[in-house]
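The structure under discussion appears below in the form of C-alpha cells.
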Amino acid sequence: MLDLKLIRKNYEEVRKRLSLRGEEYVKLLDEVYKLDKQKREIQKEVENLRALLNRKSKEYGRLKREGKEDENLKKELTEIKENLQKLEEELKLLEEKLNYYLLRIPNLPHPSVPVGEDEKDNVEVRRWGEPPKFGFEPKPHWELGEKLGILDFERGAKLSGSRFVVKKGLGARLVRALINFMLDLHTSKGYEEVYVPHLVKPEILIGTGQLPKFEEDLFKCERDNLYLIPTAEVPLTNLHREEILKEEELPLYYTAYTPCYRREAGSYGRDIKGLIRLHQFDKVELVKITRQEDSYEELEKLVKDAEKVLQELELPYRVVELCTGDLGFSAAKTYDLEVWMPSYNRYREISSCSNCEDFQARRMKLRYKTKDGKNLYCHTLNGSGLAVGRTLAAILENYQQGDGSVIIPKALRPYLGGIEVIKPQK
RNA sequence: GGAGGGGUGGCCGAGCGGACGAAGGCGCGGCGCUGGAAACGCCGUGUGCCCGUUUUACGGGCACCGAGGGUUCGAAUCCCUCCCCCUCCGCCA
C-alpha cells in the first residue's frame with residue numbers, strides 16, 4: 001500500500017514513478033487523490049459534530065443528575081445525532097472506496113530500477129559458471145526423469161490432473177535432500193528455520209499483496225474461508241503483522257520450506273511439460289524484516305545467499321535485474337536468479353529476490369520503534385532460496401550423461417547416503 | 001461435534017451506564033538518593049487519524065477496552081451476531 005501522505009505531498013512524482021509500471025495504474029492513483037480529499041473534508045465535519053455531541057451529552061447528564069431535565073437539549077442532541085449518522089455513512093463509503101483503489105495500486109519502483117516494458121528489458125547483472133558442453137543431444141528433464149523412473153507425470157495427472165507430478169524413489173529422495181541441503185545452508189547463515197501453516201486467512205494475503213488483485217491465482221477452501229499459500233513469503237512475512245518490534249531486534253532473518261500452491265490461471269499452454277510450472281511445487285523461502293535504512297544492503301546480501309545454493313550445486317546461472325514493467329505487485333526492486341537449462345538453451349528463473357520496502361508492512365501494520373521513540377514501518381524482503389522443482393530439473397539437465405544417467409552434485413551426496421549417480425532403469 | 005469459562009494498555013489485573021484512555025501492580029525511561037549499585041522516593045510511559053501553528057516540535061480534536069451491529073442524551077460496562085483462546089467430554093494423525 002502506498003503512503004497516502006506521500007501521494008498528497010508529492011503527487012506528481014508518485015504519478016510519474018507509478019506510470020513506469022504501466023499507464024493503467026495512474027487512473028487508480030488519480031481516483032485515490034480525489035477520494036482522499038473528499039474523505040478528509042467529511043471527516044473534519046464528522047469529528048467536529050462528534051465533539052459537539054460529546055460536550056452537550058455531558059452537559060445533559062450533569063443537569064439530569066441535578067434533577068434538571070432539559071427537553072430542548074435532548075431534542076437538540078437527537079438532531080445532531082441524525083446529522084452525524086448521515087455524514088458518517090458518507091464517510092464510511094468514501095473510506096471503502098479509497099481503500100478499494102489503494103489496495104489495487106502496486107508499489108513504486110525504486111529509482112535505480114531500469115525502465116522498461118517487460119521481460120526483454122530486464123538487465124543482466126552478472127553470470128556465474130559455464131553452461132555445460134555435451135557431446136550428444138541433451139534431453140529435457142522430463143524425459144530424463146521418466147527414463148530414470150523418478151518422475152511420473154502420467155500418474156500425477158491421474159491423481160490430480162495436468163500440472164501435477166508424482167516423484168518416486170530417488171526422485172522423492174532428491175526433493176527431500178534438496179530441501180534439507182538448502183535449509184542447512186541458510187540456517188548456517190543466520191536465518192531462523194520456521195515451519196508455517198499452509199492455509200491462511202484472507203487478510204494475510206492482503207498483507208503481502210496477493211489479495212485482492214490476484215484472487216484467481218489462488219486455491220481457496222471456500223467452506224473455511226482459507227487459502228492455500230502460493231509461497232512461504234506469505235506466512236513468513238506476516239509472522240509479526242500488527243506488531244511494533246524493537247529496533248534492536250532487527251533485522252529478522254527467516255527461512256521456511258513449504259509446498260506452494262498456484263492455480264496458474266492464464267498460463268494455459270505455457271511450460272506444459274516438466275517441472276517448470278506446476279500447481280504444487282516445493283520451495284525454500286528466505287524472508288527478511290529490516291530497518292528502513294538497511295533494506296537495500298540486505299537485498300544484495302539476500303541475493304548472494306540465494307546464489308550460494310546454485311554455486312554449491314555448481315549450476316551455471318545469471319542474475320538479472322527486473323525492469324519497471326516486469327516488477328511484481330509488491331516489489332520496489334527485484335533481482336531474478338536464472339539457472340541454465342540446456343533443453344531450453346537459455347537461462348530460466350529459479351529465484352526471485354525482492355525488496356518490498358514498506359509496501360507490505362503498511363498493509364499488515366508491521367512496525368518498529370526507533371531509539372528516539374518513533375514508530376516506523378519495517379521494510380520486508382523475500383527471495384526464493386530456491387524453487388526445489390526447478391532446481392531438480394536443472395540438476396537433471398546439467399548433470400546428464402550420454403547414457404541417460406545423471407551425476408549427483410557433490411554438495412548433495414551427503415544427503416543421499418553418498419549416491420554419486422542415478423542410472424536409467426532397464 | 002457437545003458442555004462450560006474467558007478476551008481490557010508491553011505484561012498481570014480492576015472496572016460492570018457519565019468525572020474512564022481506563023485504578024493498582026510489574027516492566028520500561030528520566031530525575032533524586034549513593035563512592036557505585038540494590039532498595040527507596042518523585043515524574044513520565046499505548047496506537048491510529050484529522051486540524052492548526054513558529055511544520056522532524058507544540059497545541060487542539062476524533063476514534064480505539066477481540067470484531068461488527070444495536071439500545072441510550074451518554075457504552076469497556078446492557079443486548080445481538082461473529083471470531084479467537086482456555087477447561088472438560090467425544091472423535092482423531
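Worth knowing before you read on, the calculation uses all heavy atoms, side chains too, and leaves out hydrogens, waters and symmetry mates. Naming convention: chains lettered A, B, ... in sequence-line order (proteins, then strands); numbering from 1 in each chain.
The partner of A23(B), taking Watson-Crick or G-U wobble pairs whose two distances both stay under 3.5 Å, does not exist in any strand shown. Base pairing analysis places C28(B) opposite G44(B); the two distances defining the Watson-Crick or G-U wobble pair are each below 3.5 Å. In this structure, A14(B) makes no Watson-Crick or G-U wobble pair, since no nucleotide meets both defining distances under 3.5 angstrom. A 3.5 Å limit on both hydrogen-bonding distances identifies no Watson-Crick or G-U partner for C65(B). Base pairing analysis places C58(B) opposite G52(B); the two distances defining the Watson-Crick or G-U wobble pair are each below 3.5 Å. With both pairing distances under 3.5 Å, U71(B) is matched to nothing as a Watson-Crick or G-U wobble pair. Pairing for A37(B) is absent, with no Watson-Crick or G-U wobble pair whose two atom distances lie under 3.5 Å. If you check G1(B) for Watson-Crick or wobble pairing at under 3.5 angstrom, you find it paired to C89(B).
G61(B) atom P lies 12 Å from atom CD of E47(A), rounded to whole Å. The CZ atom of R241(A) sits 19 Å away from the P atom of G66(B) (whole-angstrom rounding). Nucleotide U47(B) holds its C1' atom 12 Å from the CD atom of E242(A), rounded to whole Å. Rounded to an integer number of Å, the gap from K374(A) NZ to A57(B) C1' is 10 Å. In this structure, the CG atom of N225(A) is 19 Å from the P atom of A67(B), given to the nearest Å. Atom C1' of nucleotide U47(B) and atom CG of L366(A) are separated by 15 Å, given to the nearest angstrom. Rounded to an integer number of Å, the gap from NZ of K44(A) to P of G61(B) is 16 Å. With rounding to whole Å, K39(A) atom NZ is found 9 Å from C49(B) atom P.
Set against G48(B), C73(B), C51(B), the side chain of L77(A) has C73(B) as its closest nucleotide. The K5(A) side chain lies nearest to C49(B) when the options are C49(B), C73(B), C62(B). Closest contact between the side chain of Q43(A) and the listed nucleotides G74(B), C49(B), U47(B) involves C49(B). Distances were taken from every side-chain heavy atom of Y60(A) (C-beta onward) to each of U47(B), C62(B), C73(B); the shortest belongs to C73(B).
A salt bridge links D152(A) with K168(A); the closest basic N to acidic carboxylate O contact falls under 4.0 Å. In summary, E31(A) and K34(A) engage in a salt bridge, as defined by a charged side-chain N under 4.0 Å from a carboxylate O. With respect to R367(A) and E242(A), no salt bridge is recorded, no charged nitrogen being found less than 4.0 Å from a carboxylate O. Salt bridge status for R126(A) with E307(A): present, with a side-chain N to carboxylate O gap under 4.0 Å.
Regarding contacts with the backbone of C50(B), a side-chain N or O of R8(A) is found under 4.0 angstrom from either OP1 or OP2. The side chain of K81(A) contributes an N or O atom lying less than 4.0 Å from OP1 or OP2 of G74(B). Taking only side-chain nitrogens and oxygens, N54(A) comes nearer than 4.0 Å to OP1 or OP2 of A63(B). For G61(B), neither phosphate oxygen OP1 nor OP2 lies less than 4.0 angstrom from any side-chain nitrogen or oxygen of R55(A). An OP1 or OP2 oxygen of G18(B) is reached within less than 4.0 angstrom by no side-chain nitrogen or oxygen of R62(A).
Distance noted for atom P between C16(B) and G35(B): 49 Å (whole Å). For the C1' atom pair drawn from U34(B) and G21(B), the interatomic distance equals 37 Å after rounding to whole Å. Using atom C1' as the reference point in both G30(B) and U72(B), the two lie 44 Å apart (nearest Å). Taking atom C1' in both A57(B) and C82(B), the straight-line distance is 44 Å, to the nearest Å. Spacing of C1' atoms, G5(B) relative to C58(B), comes out at 48 Å, to the nearest Å. Taking atom P on both nucleotides, G60(B) is separated from G69(B) by 30 Å, rounded to a whole Å.
Residue K56(A) is classed as having no contact, given no heavy-atom separation below 4.0 Å to the nucleic acid. Within the nucleic acid shown, I244(A) comes within 4.0 Å of sugar-phosphate atoms alone, with no base atom in reach, counting heavy atoms only. Contacts of K365(A) with the nucleic acid, taken as non-hydrogen atoms under 4.0 Å apart, are absent. When heavy atoms are screened at a 4.0 angstrom cut-off, N375(A) is found touching the sugar-phosphate backbone but no base atom. Within 4.0 Å of K369(A), counting heavy atoms only, lie sugar-phosphate atoms of the nucleic acid but no base atom.
Residues of residues 84-92 of chain A that place a heavy atom closer than 4.0 Å to RNA chain B, in numerical order, are K92(A).
Nearest heavy-atom pair across H141(A) and E397(A) is N-OE2, 2.7 Å.
Geometric assessment of R270(A) against the ring of Y268(A) yields a negative cation-pi assignment under the 6.0 Å and 45° thresholds.
Legend: residues meeting salt bridge (Lys or Arg N to Asp or Glu O under 4.0 Å) with R277(A), ordered by chain and number and at least two apart, are E264(A), D271(A).
Y227(A) and Q210(A) are not linked by any side-chain donor-acceptor pair at a separation below 3.5 angstrom, with hydrogens and angles left out of the test.
You'll find the ring centres of Y296(A) and H110(A) inside the 6.0 Å limit.
Partner Y254(A) forms a side-chain hydrogen bond (donor to acceptor under 3.5 Å, both in side chains) with one of E233(A), H240(A), E192(A) and no other, that one being H240(A).
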